[in-house]
2 protein chains.
Amino acid sequence: MKERGKAIRTAALHLFAEEGYEGASLSKIAGRVGIRKSSLYNHCSSKEDLFLSLVEEVYSRYIQELKKIVSGSTGTAEKKLYSTFIATTDFITREGTGRFYMHFLLFPPSELEEKVRTRFLSFEEETNQLLLPVLKKGIADREIRDSDPSILLHAFYCMIDGMSSQMFYYPALEAAQKREHAWGIFWRGIRHGKEQ
Amino acid sequence: MKERGKAIRTAALHLFAEEGYEGASLSKIAGRVGIRKSSLYNHCSSKEDLFLSLVEEVYSRYIQELKKIVSGSTGTAEKKLYSTFIATTDFITREGTGRFYMHFLLFPPSELEEKVRTRFLSFEEETNQLLLPVLKKGIADREIRDSDPSILLHAFYCMIDGMSSQMFYYPALEAAQKREHAWGIFWRGIRHGKEQ
DNA sequence: GTCTATACCGAGATAGAC
DNA sequence: GTCTATCTCGGTATAGAC
């Protein structure tokens, strides 16, 4: 049995993710937890407050997972990038967390846009510093073709973002297959090749 | 000077795109046009009605542009795919239309989800039928490597979706550069190569 | 076609009993 | 901590004068 505060956060996370910031009313959140909306104010000071603390939690949870994956494994660049790709798209697929992440990265509520964007940028900084070394080492090892690492990194992000979008509107099994194919083509695009 | 009806649709398109379905109130829309919200009801029967007609307009406008690009040019598969990529990401970048498109493709208002999704699926069918022949011809001409065209098509969509997301949070110039790089890597991933 | 006025509802938030 | 009651505000929508 979860404590109330946690239950509220979970319900709010899902409702924000599904219905957006304006669409997720405090009554709906309270209703899902099984209390009245006025009782929510014993656990947070406002709707904004609740929302922003969830932004913080979701972003930092993702960074935490990413760190485990990248620094944990000691394999090739290919393995590390592939693991990152899978882990990120899995993360996105997790109902609640992932949808929340995508939803408000792309379409933050307009009054809170600046706060959310600022938080995201610092978050992007962190991922860059985790992944750039992987690409650089891959190039040095002649595993990845010799070109600007930040360009390669961006193309990697691009595929991840694309696949992340697609995880939403395809059934799980289909999405998993598409993911493998997308990876195959991406890797062919950046790997070291004899030609040229 | 645009007629009123058109002005309302334009204002609504932008507001929906920026603030979401719930966030874009009829007063805001009316305010941007310069009339009272009750006057809106002389041009549409409800908020839902207004929104859904915009969904229809935006989707079909995109299909129309795509047709012009794909069937118009008679170049190589590379040229056609590149044009499609550029045109789509340009379309997405157009304030209003593109943001509206992305916003409600990924996060439709929950009450209207089914209607929006259904419309999108038929739309995807159309794009498939435009683009699959291009890929098939590219394979036959040994311009693209021999593999399942629908897999290649999906990887293409994946890059487009990824780049479309990114068009939002990077400045125009930066986005344009990233776009070129993403294309380069994608094309390297699918083109015909001597190796293997 | 646009306006004012109004109906009705649900939003976020607060006060105070228990 | 949760409840009921209540406040204020803004939402969608309608009626009817001009």
Side-chain angles (χ1 to χ4, degrees), chain A residues 1-57 100 103-104 107-116, chain B residues 1-57 100 103-104 107-116:
Chain A
M1 200 60 168
K2 267 184 298 193
E3 56 169 327
R4 186 90 342 146
K6 184 64 194 162
I8 290 171
R9 295 176 67 76
T10 305
L13 180 82
H14 282 78
L15 270 164
F16 280 135
E18 289 157 19
E19 322 238 352
Y21 181 73
E22 285 88 1
S25 72
L26 293 184
S27 348
K28 281 185 195 165
I29 295 172
R32 198 171 279 199
V33 180
I35 57 177
R36 308 267 114 177
K37 70 173 170 177
S38 60
S39 304
L40 291 176
Y41 290 90
N42 288 310
H43 302 272
C44 65
S45 62
S46 70
K47 190 184 184 182
E48 285 199 3
D49 167 64
L50 176 58
F51 175 76
L52 287 174
S53 83
L54 284 171
V55 168
E56 185 57 37
E57 184 185 321
F100 182 98
H103 198 137
F104 299 111
F107 308 104
S110 47
E111 326 92 80
L112 303 176
E113 178 161 9
E114 226 187 283
K115 284 181 187 172
V116 175
Chain B
M1 199 59 168
K2 268 184 297 193
E3 57 171 327
R4 189 80 357 136
K6 183 65 195 160
I8 290 171
R9 295 176 66 76
T10 305
L13 180 83
H14 282 78
L15 271 164
F16 281 134
E18 287 158 21
E19 322 238 350
Y21 181 73
E22 283 88 1
S25 71
L26 293 183
S27 350
K28 280 185 197 166
I29 295 172
R32 199 171 279 199
V33 179
I35 58 177
R36 307 269 112 177
K37 68 175 168 177
S38 60
S39 304
L40 291 177
Y41 289 90
N42 288 311
H43 298 91
C44 64
S45 62
S46 70
K47 189 183 184 183
E48 284 199 3
D49 168 65
L50 177 58
F51 175 77
L52 287 174
S53 83
L54 285 170
V55 168
E56 185 55 38
E57 184 184 320
F100 183 98
H103 197 136
F104 300 111
F107 307 104
S110 46
E111 325 93 80
L112 304 176
E113 178 161 11
E114 226 187 282
K115 284 180 187 174
V116 175

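Residue numbering restarts at 1 for every chain, and letters A, B, ... go by the order of the sequence lines. Just so you know, these numbers use all the heavy atoms, side chains as well, and skip hydrogens, waters and symmetry mates.
Looking at heavy atoms from C-beta onward, A:Arg4 lies in side-chain contact with A:Ile35 at the 4.5 angstrom threshold.
Rounded to an integer number of Å, the gap from CG of B:Asp49 to P of D:dT14 is 12 Å. D:dG11 atom C1' lies 11 Å from atom NZ of B:Lys28, rounded to whole Å. One can place CG of B:Leu26 at 20 Å from P of C:dC8, the figure rounded to the nearest angstrom. Atom CD of B:Glu19 and atom C1' of D:dG11 are 14 Å apart (whole Å). Look at CD on A:Glu22: it is 11 Å from P on D:dG11, rounded to the nearest Å. In this entry the distance linking CG of A:Leu112 with P of C:dG12 reads 13 Å, nearest Å. Regarding B:Ile35, its CD1 atom lies at a distance of 14 Å from the C1' atom of C:dT4, rounded to whole Å. Nucleotide C:dA11 holds its C1' atom 13 Å from the CZ atom of A:Phe16, rounded to whole Å.
The side chain of A:Tyr41 approaches C:dT14 more closely than any other nucleotide in the set C:dT14, C:dA11, C:dC3. Looking at the side chain of A:Lys47, the nearest of the listed nucleotides D:dT14, C:dA13, D:dC3 is C:dA13. Of all nucleotides listed (C:dC3, C:dA11, D:dT4), C:dC3 comes nearest to the side chain of B:Arg36. The nucleotide whose nearest atom lies closest to any side-chain atom of A:His43 is, among D:dG1, D:dA13, D:dT14, D:dG1.
Between the NZ atom of B:Lys28 and the CD atom of B:Glu18 there is a distance of 9.5 Å, given to the nearest 0.5 Å. Note that OG of A:Ser110 and CG of B:Leu15 are 9.0 Å apart. Values are rounded to the nearest 0.5 Å.
Annotation: of the two residues near DNA chain C, A:Ser38 and A:Ser27, the 5′-most nearest-nucleotide partner is A:Ser27.
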Q: List the steps, then state whether side chain to side chain donor-acceptor pair (under 3.5 Å) holds for A:Arg9 with A:Ser53.
A: CA-CA 9 Å; A:Arg9 295 176 67 76; A:Ser53 83; 2.8 Å; yes

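Between the side chain of A:Lys47 and the backbone N or O of A:Tyr21 there is at least one donor-acceptor pair closer than 3.5 Å.
Using a 4.0 Å heavy-atom criterion, one finds that A:Ser39 contacts the bases of the nucleic acid, with or without backbone contacts as well.
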